[in-house]
Engineer: 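If you scroll down you'll find the structure; I have some questions about it.
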Amino acid sequence: MDWGSFVLLTGSFTVIMLMVQRAEQRRRLVVALFMLVIGILIQRYAASWGLHTEVQLGFVVALVLNFLFWLLIGRYNPVGSSDDIQVLGLDD
């Protein structure tokens, strides 16, 4: 097992899942579809190098890490709306 590839794949899958998890509710489907395409491209590239075990384990570890992030942080800090953003120093 190639540990460097495993860590790189785990990190990339974790970032992809985290971006979908923390996307704004109205834009979540678009972000999920875009990240799905990127995830498939990463999986195909890694499979072409024969890293099947690393891809599968990296995906499972990324799922566990994202679940833990949601459990410890995401539930108590929900994603805000872009309508709620206030720019400091802007006089309307």
Side-chain angles (χ1 to χ4, degrees):
M1 184 161 145
D2 185 8
W3 289 101
S5 297
F6 169 72
V7 169
L8 185 63
L9 288 167
T10 302
S12 61
F13 286 137
T14 302
V15 168
I16 287 172
M17 290 180 204
L18 189 64
M19 288 181 73
V20 172
Q21 179 184 2
R22 300 304 294 174
E24 187 176 341
Q25 187 68 30
R26 291 183 293 178
R27 313 237 193 281
R28 189 165 289 166
L29 180 62
V30 174
V31 172
L33 290 175
F34 183 69
M35 291 299 145
L36 179 66
V37 170
I38 292 176
I40 290 172
L41 290 174
I42 291 171
Q43 187 271 335
R44 297 266 183 183
Y45 180 75
S48 71
W49 283 89
L51 301 172
H52 302 290
T53 305
E54 289 84 350
V55 170
Q56 292 172 352
L57 288 177
F59 187 76
V60 170
V61 171
L63 278 175
V64 170
L65 290 174
N66 273 285
F67 176 74
L68 289 174
F69 178 84
W70 174 80
L71 186 67
L72 299 174
I73 297 172
R75 287 191 309 168
Y76 305 111
N77 299 307
V79 179
S81 173
S82 60
D83 298 332
D84 299 336
I85 296 174
Q86 295 180 352
V87 179
L88 297 177
L90 185 65
D91 297 325
D92 291 288

Engineer: Side-chain contact, heavy-atom cut-off 4.5 Å: L51 with Y45?
Structural biologist: no
Engineer: Looking at side-chain heavy atoms only, is the closest gap between Q25 and S81 below 4.5 Å?
Structural biologist: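 Of all side-chain heavy-atom pairs linking S81 with Q25, none is under 4.5 Å.
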Engineer: For the residue pair Q21 and W70, what are the closest heavy atoms and their distance?
Structural biologist: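 Heavy atoms only, the tightest pair is NE2-CB, 2.9 Å.
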Engineer: Is V55 isolated, or which residues cluster with it under the ILVMFWY side-chain rule of less than 4.5 Å, directly or via members?
Structural biologist: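 Result for V55 is L9, F13, V15, I16, M17, M19, V20, V31, F34, M35, I38, I42, F59, L63.
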Engineer: Would L72 end up clustered with L18 when hydrophobic side chains under 4.5 Å apart are linked, directly or stepwise?
Structural biologist: yes
Engineer: Treating Ile, Leu, Val, Met, Phe, Trp and Tyr as nodes and any side-chain heavy-atom pair under 4.5 angstrom as an edge, say whether F67 and V60 lie in one connected cluster.
Structural biologist: no
Engineer: Is it the case that atom CZ in R44 sees more than 12 heavy atoms from other parts of the structure closer than 6.0 Å?
Structural biologist: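 It does not: R44 CZ has 12 such atoms or fewer within range.
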Engineer: According to a hydrophobic-cluster definition based on side-chain heavy atoms being under 4.5 Å apart (Ile, Leu, Val, Met, Phe, Trp, Tyr only), do L8 and L41 belong together?
Structural biologist: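 As far as the 4.5 Å side-chain criterion goes, L41 and L8 are not connected within one cluster.
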Engineer: Under 3.5 Å, is there a donor-acceptor pair between the side chain of E54 and the main chain of D2?
Structural biologist: yes
Engineer: According to a 4.5 Å side-chain heavy-atom criterion applied to Ile, Leu, Val, Met, Phe, Trp and Tyr, with indirect links allowed, do L71 and V64 form part of one hydrophobic cluster?
Structural biologist: no
Engineer: Do you know the tightest heavy-atom contact between T10 and G58?
Structural biologist: OG1-CA, 3.2 Å
Engineer: Tell me whether L29 shares a hydrophobic cluster with V37, the cluster being built from Ile, Leu, Val, Met, Phe, Trp, Tyr side chains joined at under 4.5 Å.
Structural biologist: no
